[in-house]
Amino acid sequence: IGFDLEEVYMITELQQYIAQQGIQLRHYVLEKDAETLRTLENMQQIVDERVVELYEFAKAEEVKERVAVIREYNVAFNEAAEDIKAAVASNNEEKAISLITNEAKVANNEMIAVAQEILDTLQDRFTVTAEETGIWVQGEILFLLIGSLVSLVLAIAIAGSLTKTISTPMRNLAEAAEHIANGNLN
């Protein structure tokens, strides 16, 4: 479960970075300044790195396949971002806006959607794990209950046996002491 939780964390974080890079790209087209461009490029680099990390971390083939799809959409986003940067540099705002609303937005939204599919898959896995754990716990409780009952029956049987073993000689001793007290020395 800990491994799956780490994947959930990584994917959720990746979704946030993907959304932020889309926002930064729009912001760059509006502001056209070097600082926004650096922030955008930094965000793109973070997304690139997180996609690689997630692919390497994932163990399930299904998750790896979906991360590979995210990687493809990320390449498409980065290509669109380069075209947008070129359009902004040549003061072609109309082309930049067209690229954002078509290519970059589609790629960005698809990356977020595929990441959500991975999260849904992991949630299903958690649900199955929880159900399996519940069944296992019920079995263990039943086993402990039966074991406790058997132990109780054994304890009562041993106590009864010990009572007879100890009480019979004690009773005989008490009767002998009473006979001696009554003056019967035989």
Side-chain angles (χ1 to χ4, degrees), residues 1-140:
I1 291 179
F3 181 81
D4 289 340
L5 286 175
E6 182 65 23
E7 274 186 327
V8 167
Y9 173 76
M10 291 174 77
I11 294 164
T12 303
E13 184 181 58
L14 177 62
Q15 276 184 316
Q16 292 170 355
Y17 286 129
I18 291 168
Q20 288 175 6
Q21 83 174 354
I23 291 167
Q24 285 300 321
L25 184 59
R26 287 183 209 86
H27 187 67
Y28 172 66
V29 170
L30 295 174
E31 298 298 322
K32 301 174 187 78
D33 66 333
E35 183 177 334
T36 306
L37 179 59
R38 277 192 303 276
T39 304
L40 168 63
E41 289 171 343
N42 185 36
M43 198 57 59
Q44 286 178 275
Q45 182 179 357
I46 290 171
V47 170
D48 292 344
E49 291 169 358
R50 293 299 192 272
V51 169
V52 170
E53 288 172 9
L54 182 58
Y55 185 83
E56 290 172 354
F57 185 80
K59 299 289 185 235
E61 202 55 43
E62 180 181 12
V63 173
K64 280 189 176 285
E65 289 171 5
R66 288 187 174 158
V67 174
V69 171
I70 291 174
R71 184 183 291 172
E72 291 171 16
Y73 283 120
N74 190 45
V75 168
F77 178 88
N78 288 340
E79 289 172 355
E82 289 305 315
D83 292 343
I84 290 167
K85 291 175 200 175
V88 168
S90 65
N91 289 324
N92 192 344
E93 190 172 318
E94 187 177 312
K95 181 177 180 182
I97 291 173
S98 173
L99 288 167
I100 281 181
T101 56
N102 294 319
E103 295 175 30
K105 182 178 179 182
V106 168
N108 213 48
N109 288 343
E110 288 299 325
M111 283 189 285
I112 291 172
V114 173
Q116 187 60 49
E117 289 174 11
I118 296 171
L119 288 173
D120 293 344
T121 299
L122 292 174
Q123 181 179 358
D124 292 344
R125 196 178 309 158
F126 283 135
T127 302
V128 169
T129 302
E131 290 170 358
E132 289 172 350
T133 302
I135 291 168
W136 178 81
V137 167
Q138 287 175 349
E140 292 300 310

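What you see is a predicted model; the values in this text were computed from it and never measured. When reading the values below, keep in mind they use all heavy atoms of this one structure, side chains included, and skip hydrogens, waters and symmetry mates.
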Peer 1: How about Gln45 and Glu49: does a side-chain donor come under 3.5 Å of a side-chain acceptor?
Peer 2: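 Present: a donor and an acceptor within the cut-off.
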Peer 1: Could you tell me whether the side chain of Arg50 and the main chain of Glu13 form a donor-acceptor pair under 3.5 Å?
Peer 2: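 The answer is no, because no donor-acceptor pair under 3.5 Å joins these two groups.
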Peer 1: In Å and rounded to the nearest 0.5 Å, what is the CE to CG distance from Met10 to Leu119?
Peer 2: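 If I round to the nearest 0.5 Å, the distance is 12.0 Å.
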Peer 1: Which heavy atom in Arg71 sits nearest to a heavy atom in Val52, and how many Å separate them?
Peer 2: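 Distance-wise, the nearest heavy atoms are NH2-CA, 4.2 Å.
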Peer 1: Might you work through the side-chain contact (heavy atoms from CB on, under 4.5 Å) test for Val114 and Glu72, ending with a clear yes or no?
Peer 2: CA-CA 11 Å; Val114 173; Glu72 291 171 16; over 6 Å; no
Peer 1: Verify the neighbour count for atom CD of Glu140: are there more than 12 heavy atoms of other residues, nucleotides or ligands below 6.0 Å?
Peer 2: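 Yes, enclosed.
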Peer 1: Compare every heavy atom of Ile18 with every heavy atom of Val47, then report the nearest pair and how far apart it is.
Peer 2: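 Of all heavy-atom pairs spanning Val47 and Ile18, the closest is CG2-N, 3.9 Å.
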Peer 1: Check step by step if salt bridge (Lys or Arg N to Asp or Glu O under 4.0 Å) holds for Lys85 and Glu82.
Peer 2: CA-CA 5 Å; Lys85 291 175 200 175; Glu82 289 305 315; 2.9 Å; yes
Peer 1: Please give me the minimum heavy-atom distance between Ala58 and Val63, naming the atom from each residue.
Peer 2: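 Looking at all heavy atoms of both residues, the shortest contact is CB-CG1, 3.6 Å.
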Peer 1: Rounded to the nearest 0.5 Å, how far does CD1 of Ile70 lie from CZ of Phe77?
Peer 2: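 Answer rounded to 0.5 Å: 14.0 Å.
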Peer 1: Indicate yes or no for a side-chain donor-acceptor contact from Arg66 to the backbone of Glu62 under 3.5 Å, with no hydrogens or angles considered.
Peer 2: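 No.
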Peer 1: Where the side chain of Lys64 meets the backbone of Tyr55, is there a donor-acceptor pair that is under 3.5 Å apart?
Peer 2: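 Confirmed, Lys64 side chain pairs with Tyr55 backbone.
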Peer 1: What closest approach, in Å, do Ala96 and Val88 show between heavy atoms, and which atom pair accounts for it?
Peer 2: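 Heavy atoms of Ala96 and Val88 come nearest at CB-CG2, 4.0 Å.
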Peer 1: I need the Tyr28 OH to Thr39 OG1 distance, nearest 0.5 Å.
Peer 2: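 Going from OH on Tyr28 over to OG1 on Thr39, the span is 12.0 Å.
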Peer 1: Where the side chain of Asn108 meets the backbone of Ala104, is there a donor-acceptor pair that is under 3.5 Å apart?
Peer 2: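 Between the backbone of Ala104 and the side chain of Asn108 there is no qualifying donor-acceptor contact (under 3.5 Å).
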Peer 1: Determine the minimum heavy-atom distance between Leu40 and Gln21, stating which atoms define it.
Peer 2: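 Leu40 and Gln21 have their closest heavy atoms at CD1-O, 3.6 Å.
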Peer 1: Measuring from Asn74:CG to Leu14:CG, what's the distance to the nearest 0.5 Å?
Peer 2: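 Here the rounded value is 8.0 Å.
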Peer 1: Measure the CE-CD1 distance between Met43 and Ile23 for me, rounded to the nearest 0.5 Å.
Peer 2: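 Answer rounded to 0.5 Å: 9.0 Å.
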Peer 1: Side-chain contact, heavy-atom cut-off 4.5 Å: Leu99 with Lys95?
Peer 2: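 When only atoms from C-beta onward are counted, Lys95 and Leu99 do touch, with a gap below 4.5 Å.
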Peer 1: Atom CG of Leu30 and atom CD1 of Ile100: how far apart are they, to the nearest 0.5 Å?
Peer 2: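 So the CG of Leu30 and the CD1 of Ile100 are separated by 7.0 Å.
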Peer 1: Would Glu93 and Lys32 count as a salt bridge (Lys or Arg N to Asp or Glu O under 4.0 Å) here? Give the steps.
Peer 2: CA-CA 10 Å; Glu93 190 172 318; Lys32 301 174 187 78; 3.1 Å; yes
Peer 1: Taking all atoms of both residues into account, what is the closest heavy-atom pair of Val29 and Ile97, and its distance?
Peer 2: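 Scanning both residues completely, I find the closest heavy atoms to be CG1-CG1, 4.1 Å.
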Peer 1: Using only atom types and a distance under 3.5 Å, with no angle test, would you say the side chain of Thr121 pairs donor to acceptor with the backbone of Glu117?
Peer 2: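 Here the side-chain-to-backbone pair exists.
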Peer 1: Which is it for Asp120 and Gln116 under the side chain to side chain donor-acceptor pair (under 3.5 Å) test, yes or no, and what are the steps along the way?
Peer 2: CA-CA 6 Å; Asp120 293 344; Gln116 187 60 49; 3.1 Å; yes
Peer 1: Under the 3.5 angstrom rule, does the side chain of Lys105 hit a backbone N or O of Asn102 as a donor-acceptor pair?
Peer 2: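 Here the side-chain-to-backbone pair does not exist.
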Peer 1: Quick one: does Gln20's side chain get under 4.5 Å of Ile46's, heavy atoms only?
Peer 2: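 No. Closest side-chain heavy atoms not under 4.5 Å.
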